[in-house]
Amino acid sequence: MDDVRALDALLAERPAQSPRLLVVSGFPGIGKTTLASRWLHENADSFPDGQLYADLGGHATEEDGGPVPASTVLEGFLYALGAPSVPADTAQRIALWRSLTSGLRLAVLLDNAFTAAQVRPLLLGAPTGLTVVTSRNHLTGLLAEGAAIHRLGALTPESAVELLAVGGGGGRVAQDPAAAREVVALCACLPLAVCLAAAQLVLRPHRSVSALAESLSQDQGSLDALRIDGEAVMRSALDMSYGLLPRDSATLYRRMGLLPTDRYDLFMLTAIGGDGATATDGTTCTTGTDAVDIAVGALLEANLLEETSPGIYRFHDLVRPHARRRGDAEESTSQRERVLRRFVDWCLSTATAAEGILTPSHRTLARERPSSPVLPTPLADPAEALAWFDTHRNGLMSAVRHCAGAGWHSSCWQLVDAMWPLFLRLRPSEMWVEAHLTGLSAARASGSRAGEGRMLTSGAIGLRNAGRYTEAADWYVQALEHATSDGDVRQQAQAVNGLGHIRLLTSRFDEAREHFERALRLRESIGYRRGAALSRRRLGETALATGDHRTAARHLTRAFSELDSQGEGYEAARALALLGHVLICDGDHETGTRRLREALEMFRGPDARSGHWQARSLEWLGQAAQLRGDLEEARRCYEAAQDLFRRLNPADAQRLDDRLRQW
């Protein structure tokens, strides 16, 4: 309670217009995250615009990818706030983040930070919000940003004994208070270590507290190491907890430590258990889902695992290295490879299932059957499928890297291909590019021509979205040469259309039109109606850019009709909005305004919802009102568009602000 009151006081002391930034520092296992999370939960009413959380991985190893870059965290935050796209440049992401959060009463918890430099880009843009940072380091560099720092110390012996009693064996603790004080002293009064000790009392109901103290004292590590960061006492406590686990739970624990992921679910864990796998003692482990659920329950009971959301689990950042060491030491080389193979097979099978739900038209290439019989995680609908991709994105990318390093080339590029909905919907630009660079090398190494072509065209889109137009064009050229050699007309059209888009984005309009017309002919020749309609829409955009409104209207009218007839709500709405804008530019204000209002309603609906296109439609409606002299209506539309753009793109918001200032 003293620490909670200290945070209350630090927040109350901040001047009204100064940044609200609190740093909670202390030893690993001291309870920094628990304190910060509890305090923010108790003050949730002060932040009606919500709370955001990110684990910055401050002490992650090189094997785990190291600390999380601020750019990656910003990407996730921006999408969480509703941004339909995120700039590739970090400086632009920072600008958009601060624009979106300006005026919001939002709380942000940045957990496990490494340096002040890692935190600075993530600070909120206004004093209405609050940023709380936890770190093993003091982060005094944030004092220049107005931070208040609270150093979290170990529990008092009295509080530690109380925690030991509440956690387990309360009667035994009361009967032997001297032994209880010895136990918490050997745990250095670190909350996590005390909780682990309490769990041992629960797991062994007939064990005395003095016996626990004797065991801890025998296993105690160096006092010097304990004074530095508490790791020796944690290692002792973890070794003891591991030693008390049932056989299946111990096997699961060390195998989880082998996986290159930070999130686990029941079906993943069932996959790595294997059917009738042999434990290190030569006995056979039970590995059905029910048995794994029981094993997980024992890990939760022992405080070795925590449930972060229904059915999703994680290790504390001090527990995971211990599990990995146990896996490396106790699992054979062949068993370690088998566990990782099963993990990759689970990733591929579940990603393929999610892909089938979210983007069924993308699934055109054959996938190899898993080398091991694994069940994918069940996904009921698009929302669950997208949430699965979001939860496991880091583990999926780690699986791609592992496949590349292990020489599992077919699995590597096929997993990248199955992750297409993640790239398309969540837009992790850096991951998009890295995954396809890795996947392209793997497809070539596996000798898969189809895989190579897919990696080139899908990867080119990622490069294009990252603003790397020259590289994207080179990938499209390679894809075109590849598809032409193989006689793959659909892939030829995809590459040609992509090259046309690069030309359009770089204002080379004649070349863009030639490419889109060629792509249209190719797509029509094979009866690919959706692709043909998308090429027509691009031709309409190109004609609009050159001022040829009649041609633009013709292309867009047909594109809208064809996309609408195929149930492509979002793509049809985009064509309709462009058509409305073109008609207004051509002088048909009444029809154009009607089309724009129809498109705006589509973008507000569930099938084509898009904040970006709502804003664009409103801006075009404002221009139409201004042209006909209705300045009051124009202002309403411009201001509504500006409100949306503030949460999406600061440059667009500023452009509208400049327009309104001229009135």
Side-chain angles (χ1 to χ4, degrees), residues 1-15 18-47 51-56 58-59 106-114 116 119 123-124 129-143 145-167 173 180-181 183-199 226-231 233-234 237 303 306 308 316-319:
M1 291 302 296
D2 289 342
D3 291 303
V4 170
R5 285 192 290 269
L7 293 182
D8 289 337
L10 287 173
L11 186 60
E13 291 169 2
R14 310 310 295 167
S18 69
R20 299 204 295 173
L21 172 60
L22 301 181
V23 177
V24 179
S25 65
F27 288 146
I30 202 73
K32 302 181 294 295
T33 303
T34 300
L35 171 64
S37 299
R38 173 188 170 189
W39 183 72
L40 285 173
H41 177 73
E42 291 177 352
N43 288 276
D45 291 345
S46 300
F47 308 105
Q51 298 187 17
L52 294 174
Y53 170 87
D55 183 349
L56 302 188
H59 294 270
L106 180 75
V108 178
L109 175 55
L110 303 176
D111 197 18
N112 199 14
F114 187 51
V119 170
L123 298 179
L124 294 167
L130 169 69
T131 304
V132 179
V133 183
T134 72
S135 178
R136 298 184 192 181
N137 305 322
H138 291 298
L139 302 188
T140 52
L142 291 177
L143 291 172
E145 314 296 332
I149 298 178
H150 176 65
R151 174 70 175 175
L152 184 60
L155 297 170
T156 64
E158 294 75 19
S159 296
V161 168
E162 182 179 349
L163 178 59
L164 182 69
V166 170
V173 169
R181 287 193 294 272
V183 166
V184 300
L186 289 165
C187 290
C189 291
L190 294 175
L192 181 56
V194 173
C195 286
L196 289 168
L226 177 60
R227 283 197 293 269
I228 293 171
D229 61 10
E231 288 186 355
V233 69
M234 285 303 307
N303 286 315
E306 57 184 349
T308 58
H316 185 281
D317 59 1
L318 289 179
V319 176

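Note that the numbering runs from 1 along the sequence shown for the chain.
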Name every donor-acceptor pair, under 3.5 Å, that has one atom in a side chain of residues 152-167 and the other anywhere in the protein, sequence neighbours excluded.
| unit_1 | atom_1 | unit_2 | atom_2 | d |
| --- | --- | --- | --- | --- |
| T156 | OG1 | S159 | N | 3.1 |
| T156 | OG1 | S159 | OG | 3.0 |

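Heavy atoms only, all atoms of each residue included: H41 and Q51 are closest at N-NE2, 4.4 Å. Contact detail for L40 and F47: the closest heavy-atom pair is CD2-CE1, 4.4 Å.
Screening L139, L110, L109 against T134 for a side chain to side chain contact (heavy atoms under 4.5 Å, CB included) leaves a single residue, L109. Exactly one of L142, T140, V119 qualifies for a side chain to side chain contact (heavy atoms under 4.5 Å, CB included) with V23. That residue is L142.
Using a 4.5 Å heavy-atom cutoff, the side chains of L56 and D111 are not in contact. By the 4.5 Å heavy-atom criterion applied to side chains, L10 and H150 are counted as neighbours.
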L143 and I149: CA distance, side-chain angles, deciding distance, side chain to side chain contact (heavy atoms under 4.5 Å, CB included) verdict:
CA-CA 8 Å; L143 291 172; I149 298 178; 3.9 Å; yes
Please assess V173 against V183 for the test side chain to side chain contact (heavy atoms under 4.5 Å, CB included), listing each intermediate value before the final yes or no.
CA-CA 10 Å; V173 169; V183 166; over 6 Å; no
For the pair L7 and V24, evaluate side chain to side chain contact (heavy atoms under 4.5 Å, CB included) and give the outcome as yes or no after the intermediate values.
CA-CA 9 Å; L7 293 182; V24 179; 4.0 Å; yes
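Looking at residues two or more places apart in sequence or on another chain, you find no side chain to side chain donor-acceptor pair (under 3.5 Å) involving T131. Partners of E145 by salt bridge (charged side-chain N to carboxylate O under 4.0 Å, His left out), not counting sequence neighbours, listed by chain and number: R120.
Remark: L106 CG to L130 CG distance equals 9.0 Å, nearest 0.5 Å. A distance of 14.5 Å separates OG1 of T33 from CZ of R38, quoted to the nearest 0.5 Å.
For the 3.5 Å distance criterion, the side chains of W39 and D8 qualify, holding a donor opposite an acceptor.
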